[in-house]
Protein chains: 2
Amino acid sequence: MEQIDRRVRRTKKSLEEALIALALEKEYGEITIQEITDRADIGYRTFFRHYSDKDELLKEVLNSTMLELRELMAPPPLEYFIDPNIDAADLTDGAILFWHVQENSDLYRVLLFSDRTIIQPLEAFAIQEFKANYGSLLETDIPFDIIANHMVSAMITLLRWWLDNDMALSPEVMGEYSFRLIAQPIRETFLQALSK
Amino acid sequence: MEQIDRRVRRTKKSLEEALIALALEKEYGEITIQEITDRADIGYRTFFRHYSDKDELLKEVLNSTMLELRELMAPPPLEYFIDPNIDAADLTDGAILFWHVQENSDLYRVLLFSDRTIIQPLEAFAIQEFKANYGSLLETDIPFDIIANHMVSAMITLLRWWLDNDMALSPEVMGEYSFRLIAQPIRETFLQALSK
DNA sequence: TGCACTATGGCATACTATGCGCCATAATTA
DNA sequence: TAATTATGGCGCATAGTATGCCATAGTGCA
């Protein structure tokens with residue numbers, strides 16, 4: 001579990017920090033391994049002793065944050081969707097995701113604006129998670145795969161916009177907007193399915 | 001306007017066809033210029049006499065289709081949004097986009113699954129168009145920029161899913177789903193703004 | 001503290017892909 | 001038919017990735 005050798009720890013940490021710093025300055029795709037090692041003040045050769053790829057380094061960087069995100073999505077507030085009495089104004093839950101992203105905004109900036117190869121596994125996971133949580137419970141006339149895809153990618157779009165606009169709006173406000181634009185229509189599909 | 005030399009026409013046509021064929025087989029980013037020229041049976045050197053880039057070739061391929069798409073978005077059915085009496089079932093307009101994509105599915109498969117650098121200009125144009133058509137007319141409490149972003153990218157997501165699933169559902173059905181998941185909640189925001 | 005271990009740095013090298021200069025050749029236009 | 005021009009194929013330069021080799025310096029453990 002532990003990194004035994006201090007040098008390895010130091011090297012990996014430097015490389016990870018360098019990648020984040022560079023990714024905030026320029027397109028992820030434009031960054032060369034040479035630049036990363038220069039920034040980290042690490043030998044070019046050494047990079048390949050720890051990572052096979054630029055992508056592998058990025059994945060490692062994002063790994064812990066992705067794990068947090070998983071837990072964030074884990075507890076499924078089913079009532080959120082199927083209780084018709086809940087009003088958008090009462091739902092602060094929608095802001096949780098925005099709080100989390102705000103706390104790790106540097107990393108999410110990198111994640112959400114990187115190549116499709118990077119974000120796609122996360123997206124696929126989120127979709128699968130959403131389907132596992134709600135798909136079997138409710139029969140909707142709209143294919144659940146469509147709903148899951150729409151939900152996840154619309155949330156990502158909203159997060160991207162928010163980060164692009166320097167998170168000027170509060171997480172609560174964004175949570176409310178996400179409810180009205182994304183969750184509410186899905187909820188209505190659920191309610192419609194239940195009423196049959 | 002006309003291509004004077006027959007050879008140029010032949011060369012460009014071959015290269016364009018080769019790119020589409022390859023893009024349907026593998027990731028756009030993985031395709032090399034060498035592969036394109038091999039497939040087109042055109043000298044490698046000749047490629048650069050017509051295009052500076054792989055992207056430039058792709059843009060030229062997609063150009064005419066993008067122009068059609070522009071016109072498709074041009075006539076703004078404002079009633080679509082602000083007439084509260086219109087029901088989702090009556091709105092076949094939403095299917096127009098899906099019809100268009102179905103007719104050019106090969107090209108849209110390439111477009112919608114290519115790099116962000118390719119699709120982003122189109123996306124930006126669609127967002128701007130949408131804002132120009134409706135943004136000044138209606139004051140909404142949700143920033144119009146969010147709405148425009150959400151609308152466009154959610155439609156793209158829906159199209160992607162549809163193409164991924166070999167367009168098994170009819171354009172009409174997809175149009176209805178897009179209305180319920182995307183247009184309807186936006187419409188409600190509009191109606192809410194009007195009632196004040 | 002000192003020894004065995006191993007991560008690192010720096011060098012050379014191979015490979016892949018892009019991009020262009022040059023010139024003979026073939027196709028096209030007028 | 002003659003002048004023009006696109007093409008093909010050659011070589012070459014460049015950039016980035018990826019690996020081998022070996023001396024050196026840092027590390028963990030006895």
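Per chain, numbering begins at 1; letters A, B, ... match sequence-line order.
Nucleotide C/dG9 holds its P atom 13 Å from the CZ atom of A/Phe47, rounded to whole Å. The CG atom of B/Asp38 sits 11 Å away from the P atom of C/dT18 (whole-angstrom rounding). Rounded to whole angstrom, the span from the CD atom of A/Gln34 across to the P atom of D/dA18 amounts to 13 Å. For B/Lys54 and C/dT18, the NZ to P distance is 7 Å, given to the nearest whole Å. Look at CD1 on B/Ile36: it is 12 Å from C1' on C/dA17, rounded to the nearest Å. A straight line from CZ of A/Arg6 to P of C/dT6 spans 17 Å, rounded to a whole angstrom. For the pair A/Phe48 CZ and C/dT13 P, the computed distance is 19 Å after rounding to whole Å.
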Check the interface with nucleotides 5-12 of chain D: list each N/O to N/O pair with the protein under 3.5 Å, or write none.
residue, atom, partner, partner atom, Å
D/dT5, O2, B/Arg7, NH1, 3.2
D/dT5, O2, B/Arg7, NH2, 3.2
D/dA6, O4', B/Arg7, NH2, 3.4
D/dT7, OP1, B/Arg7, O, 3.1
D/dT7, OP1, B/Thr11, OG1, 2.2
D/dT7, OP2, B/His50, NE2, 2.6
D/dG8, OP2, B/Gly43, N, 2.8
D/dG8, OP2, B/Thr46, OG1, 2.8
D/dG8, N7, B/Arg49, NH1, 3.4
D/dG8, O6, B/Arg49, NH2, 2.7

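No donor-acceptor distance shorter than 3.5 angstrom exists from the side chain of B/Ser52 to the backbone of B/Phe48, with no hydrogens or angles considered. Judged by distance alone, the side chain of B/Ser14 and the main-chain N or O of B/Arg10 form a donor-acceptor pair under 3.5 Å.
Salt-bridge formation is not detected for the pair A/Asp5/A/Lys12: no Lys NZ or Arg NE/NH1/NH2 atom is positioned less than 4.0 Å from an Asp or Glu carboxylate oxygen.
Annotation: cation-pi geometry satisfied between B/Lys54 and B/Tyr28 (NZ/CZ under 6.0 angstrom from ring centroid, within 45° of ring axis).
Ring planes of A/Phe47 and A/Tyr51: tilted class, angle from 30 to 60°.
Of the candidates B/Trp161, B/Tyr108, B/Trp162, B/Trp162 is the only one forming a ring-ring contact (aromatic ring centres under 6.0 Å, His included) with B/Phe98.
Checked by atom type, the side-chain pair B/Glu188/B/Gln192 shows no donor-acceptor distance below 3.5 Å. Using a 3.5 Å distance cut-off with no hydrogens or angles, the side chains of B/Gln34 and B/Asp38 do pair a donor with an acceptor.
The bend of the helix from C/dT1-D/dA30 to C/dA30-D/dT1, defined by the angle between the axes of its first five and last five pairs, stands at 30° to the nearest 10°.
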